[in-house]
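From a predicted model like this one, the values you see are computed outputs, not experimental measurements. In this chain, numbering begins with 1 at the start of the sequence shown.
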Amino acid sequence: LTLGFDALGSPTYAHVLPQIHNSTAAIITGPNKFASRSGSGMLFWFPVHVNDTATLQTFWGASFVVVAVDDLLAAMNVSQRAADARMDFALWYTTALNGS
């Protein structure tokens with residue numbers, strides 16, 4: 001992924017738009033392989049609405065954050081052995097609107 005990449009216009013990620021336009025919650029997709037780096041990553045998609053009401057009429061677009069899984073696990077001191085053991089991980093985020 002590069003700056004200016006039209007992710008929602010990409011056939012690979014087109015399924016995200018119907019899920020996100022009536023939502024205030026992030027949607028996580030992945031794992032994805034990226035040409036610009038080794039390893040895999042996840043995309044955290046965040047809907048952007050023109051006001052606090054999440055409807056198709058207020059949907060302005062989406063932003064996303066790429067999370068490099070290998071770097072994330074290394075930062076958490078999770079060894080490859082533990083990752084290979086198929087441990088379950090939970091990720092969450094806090095929104096500015098509702099604090100959850």
Side-chain angles (χ1 to χ4, degrees):
L1 300 174
T2 59
L3 187 61
F5 174 69
D6 180 12
L8 292 176
S10 165
T12 304
Y13 304 110
H15 68 282
V16 174
L17 185 58
Q19 296 177 47
I20 202 170
H21 74 267
N22 284 333
S23 177
T24 58
I27 293 175
I28 303 170
T29 60
N32 303 284
K33 293 286 185 187
F34 302 117
S36 60
R37 61 174 294 124
S38 62
S40 61
M42 297 178 296
L43 296 179
F44 285 65
W45 299 83
F46 298 92
V48 179
H49 293 274
V50 294
N51 61 36
D52 291 346
T53 306
T55 67
L56 182 58
Q57 290 76 27
T58 65
F59 182 69
W60 181 81
S63 64
F64 62 88
V65 175
V66 178
V67 176
V69 174
D70 297 338
D71 294 344
L72 177 65
L73 293 176
M76 295 168 45
N77 292 321
V78 175
S79 69
Q80 186 61 48
R81 185 172 155 225
D84 289 342
R86 304 186 66 72
M87 295 176 64
D88 290 330
F89 296 93
L91 300 172
W92 67 91
Y93 70 100
T94 301
T95 69
L97 294 177
N98 63 16
S100 63

>> Is there a path of hydrophobic side-chain contacts, each under 4.5 Å between heavy atoms, that joins F59 and V50?
In response: no
> Looking at V65 and F46, what are the two nearest heavy atoms and their distance?
Replying inline: CG2-CE1, 3.9 Å
> Considering all heavy atoms of both residues, which atom of A25 and which atom of P47 are nearest to each other, and what is their separation?
Replying inline: O-CD, 3.4 Å
>> Please give me the minimum heavy-atom distance between L43 and V66, naming the atom from each residue.
In response: CD2-CG2, 3.3 Å
>> Could you report the tightest heavy-atom contact between I20 and A62, atom names first, then the distance?
In response: CD1-CB, 4.3 Å
>> Applying side-chain hydrogen bond (donor to acceptor under 3.5 Å, both in side chains), can you list everything that pairs with T58, at least two apart in sequence or on another chain?
In response: H49, T55
